[in-house]
Amino acid sequence: MTGRREDLGTAMILWTEAMRQDPAGTLPTDDLDLADLARFRTIEDWQEAKTNVLHGWVPVMVEDARTGEFETRLGHPGMIEEIVQDMHKRKRGRDAARVAGRSALKKHKIRVKMRDMGVQEYIIKDDRAITALAEHFEHSELYITPDNVRAAMAEVLGFTGEVTPISAARDR
């Protein structure tokens, strides 16, 4: 953008407003709407700045989420690419958080079952052992029951020690 320095400020205002639009990263095509978003007092002032301010913005077809109909809006290829990358980054973060949450819950359930079974505390506190058992349950898709924990301890950890049955552990 060359020429009018104030056009750069107006362009920044529109970029900011585009992030608040639906869909994000787009602008309306109507000059009155654009002039209003860019905070111009008159449509004539907007018309004078429009070419410089909208440099790089192109018409794009978008689907209205409410009606399912397509409409033409303005989009900026650089901005749209950044938005898509940001959305994917956030999704990966949410997915990783879900996986971590499921893993923590599995580990908690395994520890509870092991305590109910009377397994020695030093084994229950061993994070490597619990992680190995949680991974076993993740891949086997078995429920975390006392019998399955007992079998997993033997298979994964090679644990063949005495495990107190749940009924006996409750009587203590």
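Since this is a predicted model, take the numbers as computed values, not measurements.
Considering NE2 of His136 and CD of Glu138, their distance stands at 11.5 Å, rounded to 0.5 Å. One finds the NZ atom of Lys109 at 15.0 Å from the CG atom of Leu133 (value rounded to the nearest 0.5 Å). Atom CG in Leu157 sits 8.0 Å away from atom CG in Asp126 (nearest 0.5 Å). To the nearest 0.5 angstrom, Thr42 atom OG1 is 9.0 Å from Glu48 atom CD. In this structure, OG1 on Thr10 lies 10.0 Å from CG on Leu54, to the nearest 0.5 angstrom. Distance check: Lys50 NZ to Trp57 CH2 gives 13.5 Å after rounding to the nearest 0.5 Å.
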- Message: Thr131 vs Lys107, test: side chain to side chain donor-acceptor pair (under 3.5 Å). Steps then yes/no.
- Response: CA-CA 7 Å; Thr131 298; Lys107 290 176 182 180; 3.2 Å; yes
- Message: Using the rule given for side-chain contact (heavy atoms from CB on, under 4.5 Å), can you reason through Thr72 versus Val60, listing the C-alpha separation, both sets of side-chain angles and the distance that settles it, and then say yes or no?
- Response: CA-CA 6 Å; Thr72 302; Val60 295; over 6 Å; no
- Task: Start with the C-alpha distance between Arg73 and Gln21, add both sets of side-chain angles, then the distance that settles side-chain contact (heavy atoms from CB on, under 4.5 Å), and finish with yes or no.
- Result: CA-CA 10 Å; Arg73 293 189 53 92; Gln21 297 291 304; 2.9 Å; yes
- Query: What's the verdict on side-chain contact (heavy atoms from CB on, under 4.5 Å) for Glu17 and Arg39, showing C-alpha distance, side-chain angles and the deciding distance?
  - Reply: CA-CA 11 Å; Glu17 290 295 332; Arg39 299 175 182 90; 3.1 Å; yes
- Trace of the side-chain contact (heavy atoms from CB on, under 4.5 Å) decision for Glu121 with Arg115: CA-CA 8 Å; Glu121 196 63 29; Arg115 279 191 183 95; 2.7 Å; yes
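Ring-plane geometry between Trp15 and His76 is classed as tilted, the angle between the planes lying from 30 to 60 degrees on a 0 to 90 degree scale.
Residues Val156 and Tyr122 share a hydrophobic cluster, clusters being chains of Ile/Leu/Val/Met/Phe/Trp/Tyr side chains in contact below 4.5 Å. Phe137 and Leu105 are assigned to two separate hydrophobic clusters, defined by single-linkage of ILVMFWY side chains at heavy-atom distances under 4.5 Å. Both Met19 and Leu27 are members of a single hydrophobic cluster when ILVMFWY side chains are connected at heavy-atom separations under 4.5 Å. Transitive grouping of hydrophobic side chains (ILVMFWY, heavy atoms separated by less than 4.5 Å) keeps Leu74 and Met12 in distinct clusters. Using a 4.5 Å cut-off between side-chain heavy atoms of Ile, Leu, Val, Met, Phe, Trp and Tyr, with links allowed through other members, Leu142 and Ile130 fall into the same hydrophobic cluster.
Side-chain contact between Glu71 and Thr29 is absent, with no heavy atoms from C-beta onward closer than 4.5 Å. Side chains of Phe70 and Val62 form no contact here, defined as non-hydrogen atoms less than 4.5 Å apart. Annotation: side chain of Trp46 is in contact with side chain of Val53 (closest heavy-atom distance under 4.5 Å).
When atom types are taken as modelled, the side chain of Asn52 and the backbone of Asp7 share no donor-acceptor pair closer than 3.5 angstrom. Put simply, the side chain of Ser103 never gets that close to the backbone of Val99: no donor and acceptor are under 3.5 Å apart.
Of all the heavy atoms in Gly56 and Pro77, the pair that sits closest is O-CD, 3.4 Å. Among all heavy-atom pairs drawn from Gln47 and Asp31, the shortest one is NE2-OD2, 2.9 Å.
Remark: Asp116 does not engage Lys113 in a salt bridge, criterion side-chain N to carboxylate O under 4.0 Å. Ion pairing of Arg150 with Asp147 is present here, as a side-chain N (NZ or NE/NH1/NH2) and a carboxylate O approach within less than 4.0 Å.
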